[in-house]
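Remarks on the structure that follows.
Every chain is numbered from 1, with letters handed out A, B, ... down the list of sequences.
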Amino acid sequence: MKIFNTLSGRKETFVPLAEGRIGMYVCGVTVYDVCHIGHARSAVVFDVVRRYLRYKGFDVEFVKNFTDIDDKIINRARAEGASWDAVAGKYTEKYYADMHRLGVEDADVEPRATEHIKEIIELVAGLIERGHAYSIDGDVYFSVPSFPEYGKLSGRKLDEMLAGARVEVDPRKKNPMDFALWKSSKEGEPAWQSPWGPGRPGWHIECSAMSMKHLGRTLDIHAGGADLIFPHHENEIAQSEAYNSKPFVRYWMHNGFITVNKEKMSKSLGNFFTIQEILDIFDPEAVRLFLLQTHYRSPIEFSNEPLEEATQTLVRYYQGLERLDDFLFLSLPEGKKENCPPGFEDGILGGTPSGFKARFMQAMDDDFNTALAIGHVFELVKEMNRFLDQAPTGKKAKEFLLRAKEGLFEAAGVLNVFNRTPAEWQRALLKIKKIGLEVAGIERLIGERREARARKDFLRADEIRSELEQKGIALEDKKDSTAWRVKL
RNA sequence: GGCGGCGUACCCAAGUGGCUAAGGGAGAGGUCUGCAAAACCUCGAUGCAGCGGUUCGAAUCCGCUCGCCGCCUCCA
């Protein structure tokens, strides 16, 4: 299995520190506001990475933190007239609500910065002891020149960074690049007691302290959005490696951005779409598919159109699945003569190396190429349809298709897309398209129409059809039944 | 200014040295059907921003040009 490692800038063969076990840490969110689709991307992408590693048989310890104390939370609390911890609590809840709807699994450990003040203080004190940090008036700074390898993740050199510095430098720092490990608190701000006086942790130190506590000194995988590479992750490396004298992370993974009009979606530009407002119009599965149809390191241009296309794509998938289910459970009476169309065994439907499962794993093994993996899903769907077009009958054909379906379900479990039943999908569409009809009501009308058709009252039958059509439901007459679809 | 990425069919997108350049959406043709719709099948780039080079062979490697974007500041 290969993973693109930001540290080396290339794909590397993945070998965990301890055989069969993986410690993985993902930078979560600062809970000062609701999440936008960019946060969703990071969460969904690394959710799939985790699921795939588990699928491969690794014992994965997955840690994702919440930054629950920070300047932005304090400012937000002021703006909302609430306490800082009420703000953090509120947006933590909203985070969970969004992520659960998107099918993102909770982490094994979900540490909060404020629950690790003791570990953070130990770490800061240790860095001072080792000569990598210094305190001034209650603040503590990391001394960047004390760590010669600084810049190795983001690929920049110290002097270059100084030349491009765009931020006002605190004159008390020994070096302009030094960053805060501990910030003294002003009057009225949340504070914890420390050897340097009351204060709160700097942003970067919490991840070092928490990852070390929950996963040990060296992590297998550390992941987050590409905007965290500098300075956040660079600083984490400096702190952790200066303290431990050991490599901090073996594989760094970073996801690409969501853009709007080709520009990075961000709070400051105001061009962001919240998860909530997107899920108000689109099904979560369509959102997830949309995010996974592009490789995780490439940018994704956001707009409604691709989400509508993703919805249409899911229609194709669930149509195929329904057809398969119909075949497997309805139109395959026992005792019918055997007819298993030849020529499919060696293709994607078969269990050979060119079969679906092998291709799926090959795609995922190559730096989690979900876009290619999803492509294989639809190759399989197409081939399945072609197979069914041959009107197969009998036990052999059934077993053949059951195996194909099994492979599909394994992939669905990893992606957490394609994971519902066709009926569940239709119900979800009914809801998201805000069609004011119940399944029972639709089926009653279909029954009425069936009777009308039986007595050749096509006027009445067409009337019912157009009545449903107006409400957004299309009818499909099959051989001996009528199915309904939500129109898109 | 420094560092990095991207440019593949009408749209999205995979592919980073060698079989027919995946897959989805849209479109066209066909099958099915009381009619219809849907669904399914088929079709679709002699071509991979442009120009040059390396190679038996390049979308894929190298150089230059054009266009777009990111990081260097909080940011998923």
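- Within the structure, salt bridge (charged side-chain N to carboxylate O under 4.0 Å, His left out) pairs that include any residue of residues 466-475 of chain A comprise A:E469-A:K487 (at least two apart or interchain).
- Salt-bridge formation is not detected for the pair A:D106/A:K64: no Lys NZ or Arg NE/NH1/NH2 atom is positioned less than 4.0 Å from an Asp or Glu carboxylate oxygen.
- Rounded to a whole angstrom, the distance from the C1' atom of B:rC74 to that of B:rC64 is 38 Å.
- The side chain of A:T313 sits closest to B:rG24 out of B:rA76, B:rG34, B:rG24.
- Just one of A:V34, A:D68, A:I73 meets the side chain to side chain contact (heavy atoms under 4.5 Å, CB included) condition when paired with A:Y91; it is A:V34.
- Atom-to-atom, CG of A:L269 to C1' of B:rC69 comes out at 13 Å; the value is rounded to the nearest Å.
- Geometrically, A:K2 does not engage A:F14 in a cation-pi contact defined by less than 6.0 Å to the ring centre and at most 45° from the axis.
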Convert the base pairs of RNA chain B into dot-bracket notation, remembering that pairs crossing earlier ones are written with [ ] and that bases paired across to another strand are shown as |; include only Watson-Crick or G-U pairs under 3.5 Å. ((((((((.[[[..)..(....]]].(((((.......))))).....[[[[[..)....]]]]])))))))....
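- Formation of a donor-acceptor pair under 3.5 Å by the A:E451 side chain with backbone atoms of A:E448 is not found in this model.
- Across B:rA76, B:rG70, B:rC35, the shortest atom-to-atom separation from the side chain of A:E263 is found for B:rG70.
- Residues that satisfy the ring-ring contact (aromatic ring centres under 6.0 Å, His included) test with A:Y150, not counting sequence neighbours, are absent from this structure.
- In this entry the distance linking NZ of A:K456 with C1' of B:rU33 reads 13 Å, nearest Å.
- Going from atom NE2 of A:H222 over to atom P of B:rA76 covers 13 Å, rounded to whole Å.
- Protein atom CD1 of A:I374 is 12 Å distant from nucleotide atom P of B:rG24, rounded to whole Å.
- Between B:rA45 and B:rG63, the distance separating the two P atoms is 33 Å to the nearest Å.
- On the P atoms, B:rC68 is 31 Å away from B:rU54, given to the nearest whole Å.
- Considering only residues two or more places apart in sequence or on other chains, A:E443 meets the side-chain contact (heavy atoms from CB on, under 4.5 Å) condition with A:V439, A:W484.
- When the C1' atom is used for both B:rC6 and B:rA49, the distance is 11 Å, rounded to whole Å.
- Legend: residues meeting ring-ring contact (aromatic ring centres under 6.0 Å, His included) with A:F409, ordered by chain and number and at least two apart, are absent.
- RNA chain B is contacted by no residue of residues 341-365 of chain A, taking any non-hydrogen atom closer than 4.0 Å.
- Taking the six-membered ring where tryptophan is involved, the planes of A:F344 and A:F387 are perpendicular, since the angle between them exceeds 60° and thus also 30°.
- Residue-to-nucleotide proximity on RNA chain B shows that, of A:G224 and A:R156, the 5′-proximal contact is made by A:R156.
- Residue pairs meeting the ring pair (Phe, Tyr, Trp, His ring centres under 6.0 Å) criterion with at least one partner in residues 365-384 of chain A, sequence neighbours excluded, are A:F378-A:F418.
- With a 6.0 Å cutoff to the six-membered ring centre and a 45° limit on the axis angle, A:K11 does not count as a cation-pi contact of A:F4.
- Here salt bridge (charged side-chain N to carboxylate O under 4.0 Å, His left out) pairs that include residues 92-103 of chain A, with residues two or more places apart or in two chains, number zero.
- Using a 4.0 Å heavy-atom distance criterion, A:G38 is classed as a base contact.
- In this structure, A:I37 reaches neither bases nor backbone, as no heavy-atom distance under 4.0 Å exists between it and the strands shown.
- Between A:L291 atom CG and B:rA76 atom C1' the separation is 11 Å, expressed in whole Å.
- Within the 4.0 angstrom heavy-atom criterion, base atoms lie near A:F458.
- Under the ring-ring contact (aromatic ring centres under 6.0 Å, His included) criterion, A:F179 pairs with A:F142, A:H204, not counting sequence neighbours.
- For B:rC62 and B:rA76, the C1' atoms lie 35 Å apart once the distance is rounded to whole Å.
- Evaluation of the side-chain contact (heavy atoms from CB on, under 4.5 Å) rule for A:N339 yields A:P341, A:T393 as partners, not counting sequence neighbours.
- Put simply, NZ on A:K267 is 17 Å from C1' on B:rU73, counting in whole angstrom units.
- Here the closest non-hydrogen pair linking A:L415 and A:L292 is O-CD1, 3.8 Å.
- Between A:H36 and A:H39, the angle of the ring planes lies from 30° to 60°, which puts this pair in the tilted group.
- Spacing of P atoms, B:rU42 relative to B:rA22, comes out at 14 Å, to the nearest Å.
- For A:Y95 and A:F66, the distance between ring centers is under 6.0 angstrom.
- Heavy atoms of A:K262 sit under 4.0 angstrom from primed sugar atoms or phosphate atoms, though from no base atom.
- No aromatic stack links A:F257 and the base of B:rA76, using centre distance under 5.5 Å and interplanar angle under 30°.
- Of the P atoms belonging to B:rG7 and B:rG15, the separation is 10 Å, rounded to the nearest Å.
- If you measure from atom CE of A:M265 to atom P of B:rC69, you get 16 Å, rounded to the nearest angstrom.
- At the heavy-atom level, A:G9 lies nowhere under 4.0 Å from the strands shown.
- Within 4.0 Å of A:N369, counting heavy atoms only, lie sugar-phosphate atoms of the nucleic acid but no base atom.
- Put simply, A:K487 has no side-chain N or O that comes within less than 4.0 Å of OP1 or OP2 on B:rA37.
- As rounded to the nearest Å, B:rC40 and B:rA21 have C1' atoms that lie 25 Å from one another.
- For A:E379, taking side-chain heavy atoms from C-beta onward, the closest of the listed nucleotides B:rG23, B:rC74, B:rA36 is B:rG23.
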Once each nucleotide of nucleotides 38-45 of chain B is scored for protein heavy atoms under 4.0 Å, what B/S/- sequence comes out, 5' to 3'? BSSSS---
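- Taking 3.5 Å as the limit, the base of B:rG34 and the side chain of A:D457 contain no donor-acceptor pair of atoms between them.
- Nearest to the side chain of A:L372, among B:rA22, B:rC72, B:rG34, sits B:rA22.
- Going from atom NE2 of A:H204 over to atom P of B:rU73 covers 11 Å, rounded to whole Å.
- Across all strands shown, A:R449 has heavy atoms under 4.0 Å from base atoms, whether or not it also approaches the sugar-phosphate.
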Contact state string [nucleotides 4-13 of chain B, B base, S sugar-phosphate only, - no protein heavy atom under 4.0 Å]: ---------S
